[in-house]
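Shown next, in structure tokens, is the structure this report addresses.
In what follows, every heavy atom counts, from backbone to side chain, and hydrogens, waters and symmetry copies are set aside. All values reported here derive from a predicted model rather than from experimental measurement.
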Amino acid sequence: MASRREVRCRCGRRMWAPPGVSSIQCSTCHTVTQLSSLVDIARGANRVLQGLQQLRRQHKQQPPQQHQQQMMVQTPPPPRLLEPLPSPFGKKRAVLCGLDYKGKSYSLEGCISDAKSMRSFLVQQMGFPIDSILMLTEDEASPQRIPTKRNIRKAMRWLVEGNRARDSLVFHYSGHGSQQKDYNGDEVDGQDEALCPLDHETEGKIIDDEINKILVRPLVHGAKLHAVIDACNSGTVLDLPSVCRMERNGYYEWERQTSGRTYKGTNGGTAICFSACDDHEASGYTPVFTGKNAGAMTYSFIKAVKTAGTIPTYGHLLNHMCSAIREAQSRLASDGHYTNPDETPVPLLTSSEVFDIYATKFVL
């Protein structure tokens, strides 16, 4: 009597196929896997063997001169196929974008390194599987991994696709940010915040309205998104409705940042963003931390999580980050690089919902 066959789906789920079926559908990701019987496999192997034998006979019958001429002809390399994105189904996954804008007059230093540092942190400290992290930098070999507007949009959709309760999602961006006029009346200050893809001069920027629509609104109950945005004018770049305003002494209050009737929340989930600075400010990078140019936001975030205790609260993390950046900029000011360290931009916390930042634990 024939027994059931074990089949493993591309999302990792194990399935058992009854005897005689030609395909099976995964109940998790709904992918249909085609099955081959032993007879089909044997027939295919026999066809391959016959083809090899025929090629061998033709090779023996070919004149030596003709064979040499064919050997001299260089076969062009096969076209490079687009690398498929990893499966979006997993409890932990991340999209990390690092843009140095190499060769441009507005090039940056250290943004690609920021993305690589974040990847190491997520894998080594936070338990993210390496194959669940999608990297977009100028150093990537695959054309799908270059941080163009199209690819960043695609990666953001991949990040939240099929999100479920207890999913932990991370979106990190290190590069240029900017502002432009708000045309739909949903901004308190009349300005939309935006990210600048590698091809933003020809394709345009990705504004906060679109980022909110792609990343925030699809989050279902129990799913959580953390964004870390190391860019200028990035305070409310996810268009989250609540902004946490914190004083130097640790006192804070929540501020409503949206206007109009456009909904900017989630579909029951939670979205929290750490930004490098407020909407009207410029972020900074500093060599004080590592001796090399690095995003102050990215470095201080990673360091704060590592040193703030076993399970820190959001309030403790924010205090650690702000203190580290102020201290670093004060050291630069003593060397004559900054004239007023008291006006140093510090990280800003925004959220899809108001919560007690000193009671809520930070968990990735």
Side-chain angles (χ1 to χ4, degrees), residues 96-98 108 110-111 114-115 117-118 121-122 170-179 193 195 208 211 225-255 257 270-286 288-290 293-309 312-332 338 340-352 354-358 360-364:
L96 314 178
C97 306
L108 297 174
C111 295
D114 288 343
S117 296
M118 183 64 74
F121 164 72
L122 292 177
V170 174
F171 178 74
H172 172 256
Y173 174 92
S174 181
H176 276 302
S178 70
Q179 288 183 304
E193 286 64 51
L195 302 180
D208 50 9
I211 298 170
L225 168 74
H226 285 93
V228 180
I229 311 296
D230 204 342
C232 298
N233 311 117
S234 57
T236 61
V237 74
L238 261 67
D239 247 3
L240 298 175
S242 300
V243 179
C244 179
R245 301 289 182 185
M246 178 180 283
E247 304 292 338
R248 275 179 174 263
N249 59 7
Y251 174 79
Y252 74 94
E253 61 180 1
W254 288 99
E255 176 183 288
Q257 81 92 17
T270 302
I272 296 174
C273 180
F274 290 95
S275 300
C277 57
D278 210 337
D279 289 340
H280 63 282
E281 295 176 324
S283 63
Y285 55 85
T286 172
V288 170
F289 294 124
T290 63
N293 283 321
M297 170 67 198
T298 300
Y299 183 88
S300 63
F301 172 78
I302 294 174
K303 183 179 179 182
V305 177
K306 288 182 177 180
T307 60
T313 66
Y314 286 90
H316 292 143
L317 279 185
L318 198 56
N319 274 309
H320 274 73
M321 294 162 63
C322 294
S323 297
I325 291 177
R326 289 192 182 106
E327 180 183 354
Q329 303 296 42
S330 295
R331 290 166 61 185
L332 288 175
Y338 288 85
N340 192 352
D342 292 334
E343 297 181 0
T344 297
V346 292
L348 187 70
L349 178 71
T350 59
S351 175
S352 58
V354 173
F355 62 94
D356 186 343
I357 66 172
Y358 289 113
T360 306
K361 301 293 184 180
F362 170 81
V363 179
L364 275 186

Self-check item: Straight-line distance of Ile211 CD1 to Glu193 CD, nearest 0.5 Å
Solution: 9.5 Å
Practice problem: Please name the pair of heavy atoms, one in Leu240 and one in Ala271, separated by the smallest distance, quoted to 0.1 Å. | Solution: CD1-O, 3.7 Å
Quiz item: Closest heavy-atom contact between Met118 and His172?
Solution: CE-CD2, 3.5 Å
Quiz item: Looking only at atom types and distance, does a side-chain atom of Asp208 sit under 3.5 Å from a main-chain N or O of Asp239, one as donor and one as acceptor?
Solution: no
Practice problem: Answer yes or no: is there a donor N or O on one side and an acceptor on the other, between the side chain of Thr307 and the main chain of Lys303, under 3.5 Å? | Solution: yes
Quiz item: Which distance, rounded to the nearest 0.5 Å, do you find between the CZ of Arg248 and the OG of Ser323?
Solution: 8.5 Å
Quiz prompt | Non-hydrogen atoms of Met321 and Ser300 that approach each other most closely | solution = CG-O, 3.6 Å
Quiz prompt | Any side-chain heavy-atom pair of Leu349 and Leu317 under 4.5 Å | solution = no
Quiz item: Do you know which two heavy atoms are closest between Ala227 and Leu238, and how far apart they sit?
Solution: CB-CD2, 3.7 Å
Quiz item: Can you find a pair of side-chain heavy atoms, one from Asp278 and one from Arg245, that are under 4.5 Å apart?
Solution: yes
Self-check item: Spacing of CD1 belonging to Ile325 relative to NE2 belonging to His320, to within rounding of 0.5 Å
Solution: 13.0 Å
Practice problem: Ignoring hydrogens and angles, tell me if any N or O in the side chain of Thr313 forms a donor-acceptor pair with the backbone of His316 under 3.5 Å. | Solution: yes
Quiz item: Which heavy atom in Gly177 sits nearest to a heavy atom in Ala231, and how many Å separate them?
Solution: N-CB, 3.8 Å
Quiz item: Can you name the residues that form a side chain to side chain donor-acceptor pair (under 3.5 Å) with Asp356, not counting sequence neighbours?
Solution: Tyr252
Quiz item: So Phe121 and Phe301, would you call those rings parallel, tilted or perpendicular, with 30° and 60° as cut-offs?
Solution: perpendicular
Quiz item: How long is the span from the CG atom in Leu318 to the CG atom in Leu348, to the nearest 0.5 Å?
Solution: 8.0 Å
Quiz item: Which of parallel (below 30°), tilted (30 to 60°) and perpendicular (above 60°) describes Trp254 and Phe355?
Solution: tilted
Quiz prompt | Residues forming a salt bridge (Lys or Arg N to Asp or Glu O under 4.0 Å) with Asp279, sequence neighbours excluded | solution = none
Quiz item: Can you list the steps and then say if Phe171 with Cys273 is a side-chain contact (heavy atoms from CB on, under 4.5 Å)?
Solution: CA-CA 9 Å; Phe171 178 74; Cys273 180; over 6 Å; no
Practice problem: Kindly say whether Tyr251 contributes a backbone atom to a donor-acceptor pair with the side chain of Asn249 at under 3.5 angstrom? | Solution: yes
Exercise. Return yes if some donor-acceptor pair links the side-chain N/O of Thr360 with the main-chain N/O of Ile357 below 3.5 Å, else return no.
Key: no
Quiz item: Can you name the closest pair of heavy atoms from Val363 and His226 and give their distance?
Solution: O-CE1, 3.5 Å
Quiz item: Checking side-chain contact (heavy atoms from CB on, under 4.5 Å) for the pair Cys232/Ser178: CA distance, chi angles, key distance, verdict?
Solution: CA-CA 6 Å; Cys232 298; Ser178 70; over 6 Å; no
Quiz item: side-chain contact (heavy atoms from CB on, under 4.5 Å) between Val305 and Leu364: does it pass, once the steps are laid out?
Solution: CA-CA 10 Å; Val305 177; Leu364 275 186; over 6 Å; no
Quiz item: Who pairs with Ser174 by side chain to side chain donor-acceptor pair (under 3.5 Å), at least two apart in sequence or on another chain?
Solution: Asp114
Quiz item: CG/Asp230 to NE2/His176 distance, rounded to the nearest 0.5 angstrom?
Solution: 12.0 Å
